[in-house]
Number of protein chains: 2
Amino acid sequence: MDIPIGELSRRTQVKVPTIRYYEQIGLLPEPARTEGQQRRYGSAEVMRLNFIRHARELGFEVEDIRELLALSADPDRPCADADAIARRHLVAVKRRIAQLKALRAELERMVEDCRHGRIGDCRVIEVLADHGQCRRDHTRAEPPRGRMSK
Amino acid sequence: MDIPIGELSRRTQVKVPTIRYYEQIGLLPEPARTEGQQRRYGSAEVMRLNFIRHARELGFEVEDIRELLALSADPDRPCADADAIARRHLVAVKRRIAQLKALRAELERMVEDCRHGRIGDCRVIEVLADHGQCRRDHTRAEPPRGRMSK
DNA sequence: TCTTGACCCTCTAGCGGCTGAAGGATGTAG
DNA sequence: CTACATCCTTCAGCCGCTAGAGGGTCAAGA
């Protein structure tokens with residue numbers, strides 16, 4: 001086990017620049033290097049990076065992952081902290097689902113009411129122009145900062 | 001109606017730097033200015049900014065909003081284009097809800113199975129370390145790029 | 001041994017959609 | 001005429017990457 005970054009990338013499905021980025025922000029330790037300054041990794045890094053990837057897939061933020069990694073290094077401590085992080089994240093996911101459902105309802109109403117005529121009569125444009133036409137109050141449903149999906 | 005940017009901000013609930021940002025990216029037209037270069041707005045801008053804010057609350061991306069604004073300026077054209085934008089967005093919202101539900105299920109399982117003992121036995125850490133423990137395949141459920149909510 | 005070419009390096013900038021701060025100018029009420 | 005709230009421009013930062021430029025290294029085959 002003395003693999004270059006490309007091989008680590010293949011095994012973990014994490015892109016090469018992302019691996020370097022994780023090193024930069026301290027999620028991955030600085031690895032050994034060859035004489036020519038190329039990174040060489042072992043199986044510990046494969047496991048750690050799989051952990052990170054999996055946590056990201058589950059939507060944990062990097063700061064949470066940092067904590068979870070620190071906790072996992074210390075198997076005798078109580079797992080209340082890890083538990084708390086997961087619960088906190090679960091609450092955030094549930095809240096986000098609720099927000100999106102409110103948006104979905106409003107969008108469905110807009111689209112169903114559209115009589116496919118002129119813009120001047122379009123429900124879509126009309127509703128956007130006048131918030132009073134909404135049944136639900138989604139003013140708290142703050143939009144996603146990043147992109148909705150790929 | 002000849003209001004400064006702070007008053008526009010108060011009336012639309014859009015923050016001052018955000019208004020200037022919208023001007024910069026061309027969502028809002030360049031307004032009239034006083035001799036001392038301060039922006040002055042009229043009721044058209046209040047309406048336009050309300051439209052933008054409402055569309056953002058519904059999760060439309062800026063590019064979509066740009067198109068919706070262009071369409072709304074032209075009331076005699078058919079509303080098929082506006083309709084299509086809304087439908088496309090609705091599909092994205094539905095997909096995102098489905099992804100988040102898969103995450104929620106996995107997180108609930110992790111948290112419920114936690115026996116509140118040592119980290120070494122913690123389900124939370126265990127599941128993160130070993131993707132094989134997941135029932136569902138959430139590998140396609142790409143994480144949010146921005147923050148989950150405020 | 002030399003050459004090829006696939007890989008690797010660092011550095012920097014950009015994505016979306018804002019948000020905040022620095023440092024200074026303006027507008028208005030008293 | 002002064003005080004001070006508000007305005008201006010400019011730039012940097014947030015998150016979590018991702019891509020590109022411009023070069024260096026490594027290993028296999030001739």
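Reminder, nothing fancy here: chain letters follow the sequence lines and each chain counts from 1. The analysis underlying the following values was restricted to heavy atoms, covering all of them including side chains, and did not include hydrogens, waters or symmetry mates.
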Does the pair [X]/[Y] count as a salt bridge with the N-to-O cut at 4.0 Å?
X        : Y        : value
A:Glu45  : A:Arg11  : no
A:Glu106 : A:Arg109 : yes
A:Arg66  : A:Glu63  : yes
A:Arg123 : A:Glu126 : yes

Proximity to the side chain of [X] - top-ranked nucleotide from [options]:
X       : options                : value
A:Ile5  : C:dT19, C:dC9, C:dC7   : C:dC9
A:Lys15 : D:dT18, C:dC8, C:dC18  : D:dT18
B:Pro17 : C:dG17, D:dG16, C:dT19 : C:dT19
A:Thr18 : D:dT18, C:dC9, C:dG17  : D:dT18
B:Pro4  : D:dC7, D:dT18, D:dC17  : D:dC7
B:Arg56 : C:dG17, C:dC7, D:dC17  : C:dG17

What's the [atom1]-[atom2] distance between [X] and [N], to the nearest Å?
X       : N      : atom1 : atom2 : answer
B:Tyr21 : C:dT19 : OH    : C1'   : 11 Å
A:Glu23 : C:dC8  : CD    : C1'   : 13 Å
A:Glu63 : D:dC15 : CD    : P     : 8 Å
A:Glu61 : D:dG16 : CD    : C1'   : 10 Å
B:Gln13 : C:dC18 : CD    : P     : 15 Å
A:Tyr41 : C:dC9  : OH    : P     : 7 Å

Can you list, in residue-number order, the parts of residues 32-40 of chain A that come under 4.0 Å of DNA chain C, counting heavy atoms only?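 Output list: A:Arg33, A:Gln37, A:Gln38, A:Arg39.
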Can B:Val124 and A:Ile85 be said to form a side chain to side chain contact (heavy atoms under 4.5 Å, CB included), step by step? CA-CA 9 Å; B:Val124 174; A:Ile85 293 170; over 6 Å; no
Salt bridge (charged side-chain N to carboxylate O under 4.0 Å, His left out) partner of B:Asp64, chosen from B:Arg56, B:Arg87, B:Arg88: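 When salt bridge (charged side-chain N to carboxylate O under 4.0 Å, His left out) is applied between B:Asp64 and each of B:Arg56, B:Arg87, B:Arg88, only B:Arg88 qualifies.
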